[in-house]
**Q** 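Let me give you the structure first, and then I'll get to my questions.
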Amino acid sequence: MTRRTDVLVVGAGPAGSAVAAHLSRAGLQVVLADRAAFPRDKACSEYLSPETVRLLDRLGVVADLEALGAQPLLGTRVIAPRGAKLCGSFARSARPPWRPSGLSVRRTLLDARLVELARASGAELAERTTVEDLLYDRGGVSGAVIRQADGGRDRIQARLVIGADGLRSVVARRIGRRRHLPPSRMAFVAHVAGVSGLDGFAEMHVSETGYVGLNRVALDADGRTIANVALVVPRAEARSAAGRVTDFFFDELGRFPGVRGRVPRGGVVREILVTGPFAAWSSRVVTDGALLVGDAAEFFDPFTGEGIGTALQGAEFAAQAAAAALQDGGQATAVRLAPYRLARRAAFAGRRAVERLVGYGMYFPALFDRAVERLERRGLADTFIGVTGDCLPARAVLNPAFLARMVL
Ligand SMILES: Cc1cc2nc3c(=O)[nH]c(=O)nc-3n(C[C@H](O)[C@H](O)[C@H](O)COP(=O)(O)OP(=O)(O)OC[C@H]3O[C@@H](n4cnc5c(N)ncnc54)[C@H](O)[C@@H]3O)c2cc1C
């Protein structure tokens, strides 16, 4: 069977649900397909900066997330490999943020709420529906082949296909120029009750090869803290986790002096999710008949916690460009979608540079320690965390004066 729609969105994570909601509100017919059924979980540190919360507020979901138990997030502490520490607060960053705190919220709740928003905005949700391949017409993308839960295959013809299918995007691979950059890392993420010493600040404990993020993500019925515990290690190291994920996870946590003894093994309340390797990006985000958004376009290392904000911001840009490109009833061409590519470049280039700076800085533990120590001692920690949380523009860090004060 073949059916038609204006827009087929592949993947109903934050990027896909947000772009589906925007385009449905703009009056376009949207099918939102996901291979999963919601609520579905996702390996993530579940850290939302104030700027990400602002984007969620524009979608009208923040009050609901808070009512569902999202926890306020005040900023981040970084503990460097040789013990230097900094504490950066969003509220104290040089330009007061939209609100003084971000949020920590479980992905089961966040993603389900955004899917519901897309549906309420008019998108048709197709769960347990996997996009296997793209359809082409005169060289451009014209739809997709889908497989349903019962194994049956159908075709959906669309004037625009939006690839929002995450890190291992089928759409990105089909439209080409998908690249993988070092470092190649894997993540192991658990929810654990009874983690000691956590307050409203997230913690990032960095070692010579990886890092651990701790973050208060919920309170249980007895008021106990449920922490998100995310371990990120090089891919080569993660191979030894095969068949013994829980042992590996707790053995590795024990290597971090600031984490050791704080995460009770008996407190695991959600299975350990494993994901990676990361660091994929697509140098082609638009083509005739298709565009990429969210992780399908570019993955941001979890250390700076910018993936969801980038996905939501990208969804706004994509929807604006797509609505204009589809206005006259024809197919969306790469030329008409070019404003999306340009908007991404203008908004995300600085963010990407900061992410790379931090990511590559971890290869040099002594330098990393020195930078963390200098940032704290010289009163620059709030600016640094303000930039990684998008409360401040990247140029607040990416300038010779700041960089010199950070390392000299
Ligand atoms: C360990 C880790 C920690 C992170 N921590 C943070 C953090 O604290 N804060 C933050 O902002 N970001 C964080 N991120 C990044 C964040 O998770 C992503 O950037 C974000 O989920 C991107 O949203 P998305 O909608 O693009 O993709 P996803 O959320 O991955 O959604 C993609 C969807 O596509 C569906 N799909 C995939 N293939 C197909 C197919 N062929 N057909 C149909 N459906 C398909 C999937 O089922 C999924 O629902 C973290 C990432 C990792 C790996």
Side-chain angles (χ1 to χ4, degrees), residues 8-20 31-49 51-53 55-56 73 76 102-107 110-112 114-115 118 126-134 144-148 156 161-174 185-190 202 204 210-215 217 228-233 272-280 292-315 318 351 355 388-390:
L8 169 62
V9 180
V10 186
S17 290
V19 77
V31 174
L32 175 60
D34 200 294
R35 64 183 177 199
F38 288 81
R40 64 104 178 86
D41 217 334
K42 157 96 178 70
C44 180
S45 297
E46 302 173 313
Y47 168 114
L48 307 179
S49 71
E51 179 61 14
T52 302
V53 180
L55 293 162
L56 288 169
L73 178 69
T76 304
L103 285 177
S104 297
V105 58
R106 285 178 278 187
R107 289 295 296 265
L110 172 67
D111 292 29
L114 291 174
V115 163
E127 294 175 298
R128 299 190 185 88
T129 300
T130 302
V131 166
E132 292 190 325
D133 211 343
L134 298 181
V145 179
I146 59 166
R147 180 168 40 79
Q148 281 151 347
I156 299 183
V161 173
I162 297 184
D165 45 342
L167 188 58
R168 268 170 285 284
S169 167
V170 165
V171 182
R173 277 182 274 140
R174 294 293 185 273
R185 293 181 169 134
M186 302 284 296
F188 299 73
V189 189
M204 294 304 268
Y211 56 90
V212 171
L214 300 178
N215 188 20
V217 76
N228 179 301
V229 183
L231 166 74
V232 176
V233 294
I272 300 169
L273 303 178
V274 184
T275 188
F278 320 136
L292 303 174
V293 67
D295 283 1
E298 179 172 20
F299 183 84
F300 283 80
D301 192 281
F303 192 92
T304 50
E306 294 187 288
I308 297 168
T310 309
L312 297 173
Q313 179 74 75
R351 193 175 293 192
E355 187 238 22
T388 62
D390 290 329

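Quick note: numbers below take in every heavy atom, side chains included, and nothing from hydrogens, waters or symmetry partners. These figures come from a predicted structure and were not determined experimentally. Just follow the structure's listing: the first ligand is 1, and inside any ligand the first atom is 1.
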**Q** Would you check, one step at a time, whether the test salt bridge (Lys or Arg N to Asp or Glu O under 4.0 Å) holds for Arg185 with Asp301?
**A** CA-CA 9 Å; Arg185 293 181 169 134; Asp301 192 281; 3.3 Å; yes
**Q** Heavy-atom distance to atom 2 (C) of ligand 1: which of Pro302, Gly16, Ser104 wins?
**A** Pro302
**Q** Show the atoms of ligand 1 that are less than 4.0 angstrom away from any heavy atom in Gly294.
**A** 26 (O)
**Q** Among all protein heavy atoms in this structure, tell me which lies nearest to atom 34 (O) of ligand 1, with the distance rounded to 0.1 Å.
**A** Gly11 CA, 3.3 Å
**Q** Which heavy atom of the protein is the closest neighbour of atom 33 (C) of ligand 1, given with residue, atom name and distance?
**A** Asp34 OD2, 3.5 Å
**Q** Identify the closest protein heavy atom to atom 18 (C) of ligand 1: which residue and atom is it, and at what distance?
**A** Asp295 OD2, 3.2 Å
**Q** What's the shortest distance from atom 42 (N) of ligand 1 to any protein heavy atom, and which residue and atom give it?
**A** Val131 N, 3.0 Å
**Q** Only one of Val105, Leu73, Leu55 forms a side-chain contact (heavy atoms from CB on, under 4.5 Å) with Leu48, so which one is it?
**A** Val105
**Q** Specify the protein heavy atom at minimum distance from atom 23 (O) of ligand 1: its residue, its atom name, and the distance to 0.1 Å.
**A** Pro14 CD, 3.6 Å
**Q** Between the side chains of Arg107 and Glu46, is the shortest nitrogen-to-carboxylate-oxygen separation below 4.0 Å, so that they form an ion pair?
**A** no
**Q** I'd like to know if Arg40 pairs up with Asp34 as an ion pair, taking the criterion as any Lys NZ or Arg NE/NH1/NH2 lying under 4.0 Å from an Asp or Glu carboxylate oxygen.
**A** no
**Q** Pick from Phe278, Phe303, Phe188: which one makes a side-chain contact (heavy atoms from CB on, under 4.5 Å) with Val232?
**A** Phe278
**Q** Return the residue, atom name and 0.1 Å-rounded distance of the protein heavy atom closest to atom 14 (N) of ligand 1.
**A** Cys44 SG, 3.9 Å
**Q** Just going by heavy-atom distances, which of Ser49, Ala15, Ala37, Ser45 is nearest to atom 3 (C) of ligand 1?
**A** Ser45
**Q** What protein heavy atom is closest to atom 15 (C) of ligand 1, reported as residue, atom name and distance in Å?
**A** Gly307 CA, 3.9 Å
**Q** Could you tell me the residue and atom name of the protein heavy atom closest to atom 44 (N) of ligand 1, and the distance to it rounded to 0.1 Å?
**A** Arg35 N, 3.1 Å
**Q** Quick one: CD on Glu306 to OH on Tyr47, what's the gap to the nearest 0.5 Å?
**A** 9.0 Å
